[in-house]
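Scroll down for the structure; my scribbles are underneath it.
Chain letters run A, B, ... following the sequence lines, proteins first, then strands; residues in each count from 1.
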Amino acid sequence: MTKHGARRTGLPFVLWIPGVVALALVVLPVVGLIVRSDLGNLPNLITSPGAVHALDLSLRTAVVATVLCLVLGGPLAVLLARSTMPGLRVVRALVLLPLVLPPVVGGLALLYLFGRAGFGGKLLYEAFGLRLSFSTTAVVLAQTFVAMPFLVVGLEGALRTAGERYEAVAATLGAGPWTVFRRVTVPLVLPAIGSGLVLCFARAMGEFGATITFAGSLEGVTRTLPLEVYTLAETDVDSAVAVSLLLVVVSIVVIVVARPRAVEGRL
Amino acid sequence: MNRVKLTAVLAAVAFAAGACTSSDAAQSGRTGGQLIVLAAASLTESFGRLEKQFEAAHPGVDVKISFGGSSALVQQIVNGAPADVFASADQKNMDKLTQAGLNDGPPRVFAVNELEIAVAPGNPKKIASFADLAKDGTTVVVCAEQVPCGSATKKVEDATGTRLKPVSEEQDVKSVLNKVTSGEADAGLVYVTDVNSARGKVDGVAFPEAGKALNDYPIVAVKDAPQAALAREFVDFVLGDQGKAALTGAGFRLP
């Protein structure tokens, strides 16, 4: 097959069958979506006010959620990788929770914490007069909740792989903890931060279950692209398919432009 | 080497095709007496009762009811979901089924529902009319216009000239009710039957304009249903005396 084919151990033949099935399973549904779409009418469908509002809202909320993932999740990853505090293994497992929890359960949990009747919600209202439910803030919160583990897990892994040697050397040369963090730790894991952010953004863009449970669905306020697809699918399948294609395009752009290194296995 | 690859691809395709047919077989190989009913979310209580009564009258029959937004349900049937009976919360979604030619005989209207305002117990916000919902500081949740309860809401808005500013447009009527029972919203526009189902957790405020947007509930057996005879029996049962009793008990009007 390749120049080195002779020297390489050949791939077991049986891998081809499940491999091709797996690929078909990933690719064919998207093909199905494209086949079903009304391509001639596509420009009209994806520029409808509902779709434009949803795209705008999705981009804005996903960007804010991604920034929150970095600002909150980044430090957490560093602590998890470097701190020697007891009980860290438990914390590490807890951080994974949103990754394995069905998003709708996450949404319910958020609702009962930050909703009007939840204790967090009551606290926020009495202290600051803030109401989270049904607001764009609720959308961002739901997205951050589901997306943060992607950054924390990836970054923590990168930090552990990179090891503490350079940091130790910097410290012996007289650098304080903050300087070591800024000049050694962060540059070392910059690629991992990049890929983590891309994954966070993609996950935030696709968030559905937690959003519809916690934030509701209202055009321009809480109805993001996935919610728009869900609402449209009730009556107007052509528009739903068109908006779905828009999401597919956004996803492909994310993958192509900022090819996450984590996915390529060279963290 | 290339030929090997080609064989592998072909084998994979054959395998995939085989997997498809075998899953089809598994789907149609349902147990003898299983009747699948897809019904509008607002029928949860009444059809839940009828399910037990029908099963009691037909030993060995297992009625499975899937409740959801009518538009989502009709889409499932059109896309090939197994179903024997479809009960819709409005005519529009039933029309989608008949247009697809998937009805066994003409649909029949079995119940009529009207909107009511659901509020927290004791009505702390003192909501007394439809117009009160448009007042500032009142958090209102409604159904999205795409689902029956939402189009009924729209009709009332058009008839009264009152424009609501809902904080959320939910996908089905039970989600609206949940937003009120959980205290997230001050008021929600739901059906009389939903208020009845949540007695104690919400109070209902009736308003005369609701009469402008009555919803007819049609039911039909699905064409070529796996349980065609049983499906027709279930439809007759819903239209019969026991059906009427369960429906009026839940707050429906009869056609």
Side-chain angles (χ1 to χ4, degrees), chain A residues 1-2 5 10-25 28 32 36 50 104 107-108 110-112 114-118 121-122 131-136 138-139 208 211-223 227-228 230-237 239-240, chain B residues 1-20 68-76 78-79 90 92-93 96 120 137 139-148 150-151 164-172 175-176 178-186 188:
Chain A
M1 278 191 293
T2 65
L11 288 171
F13 170 70
V14 291
L15 292 186
W16 280 96
I17 299 168
V20 169
V21 174
L23 188 66
L25 194 61
L28 284 185
R36 174 63 182 76
V104 63
L108 269 185
L110 286 168
L111 185 67
Y112 288 121
F114 290 119
R116 214 149 73 158
K122 275 188 187 148
R131 278 263 162 81
L132 284 185
S133 32
F134 307 122
S135 68
T136 307
V139 177
F208 172 78
T211 309
I212 201 159
T213 331
F214 177 45
S217 171
L218 187 70
E219 187 178 320
V221 181
T222 54
R223 189 173 293 159
L227 271 66
E228 174 76 4
Y230 186 58
T231 310
L232 285 173
E234 291 282 342
T235 45
D236 183 357
V237 181
S239 298
Chain B
M1 203 59 184
N2 267 330
R3 198 187 300 157
V4 172
K5 251 197 247 175
L6 185 67
T7 335
V9 171
L10 287 178
V13 170
F15 174 79
C20 294
S70 302
S71 28
L73 294 176
V74 72
Q75 221 170 78
Q76 287 173 18
V78 171
N79 286 312
D90 70 353
K92 207 170 78 188
N93 285 298
K96 289 187 204 160
T139 332
V140 183
V141 177
V142 300
C143 287
E145 216 182 302
Q146 286 85 350
V147 292
S151 62
L164 301 182
K165 283 168 287 176
V167 291
S168 183
E169 296 166 354
E170 302 287 328
Q171 217 62 25
D172 64 66
S175 306
V176 175
N178 282 341
K179 293 289 189 290
V180 180
T181 54
S182 67
E184 289 309 313
D186 296 322

With a 4.5 Å cut-off on heavy-atom pairs, point out which of A:A117, A:S135, A:A233, A:A215 contacts chain B the most.
-> A:A233
Pick one of side chain, backbone, both or neither for B:S175, based on which atoms fall under 4.5 Å of a heavy atom in chain A.
-> neither
For atom OH of A:Y112, decide whether the heavy atoms of other residues, nucleotides or ligands shown that lie under 6.0 angstrom number more than 12.
-> no
Between B:V141 and chain A, which part of the residue has a heavy atom less than 4.5 Å away: side chain, backbone, both or neither?
-> side chain
Is the backbone of A:R116 close enough, under 3.5 Å, to the side chain of B:E184 for a donor and an acceptor to pair up by distance?
-> yes
Name the region of A:V237, side chain, backbone, both or neither, that has any atom closer than 4.5 Å to a heavy atom of chain B.
-> side chain
Cut-off 4.5 Å, heavy atoms of chain A, and the answer for B:A72 is both
Nearest-0.5 Å distance that lies between atom NZ in B:K179 and atom OG1 in A:T213 | 7.0 Å
Please round to the nearest 0.5 Å and tell me the distance separating atom OG1 of A:T222 and atom CD of B:E169.
-> 8.5 Å
Go through the atoms of B:D186 and report whether side chain, backbone, both or neither lie under 4.5 Å from a heavy atom of chain A.
-> both
Heavy-atom proximity to chain A below 4.5 Å, by part of B:V167 | both
Any idea which heavy atoms bring A:T231 and B:Q146 closest together, and the distance?
-> CG2-OE1, 3.5 Å
Relative to chain B, which segment of A:L25 carries a heavy atom at a distance below 4.5 Å: side chain, backbone, both, or neither?
-> neither
Shortest non-hydrogen separation from A:S217 to B:S168 and the atoms involved | N-OG, 2.7 Å
Please state whether the side chain, the backbone, both or neither of B:Q75 comes within less than 4.5 Å of a heavy atom of chain A.
-> side chain
Check each atom of A:R131 against the heavy atoms of chain B and say whether the ones under 4.5 Å are side chain, backbone, both or neither.
-> neither
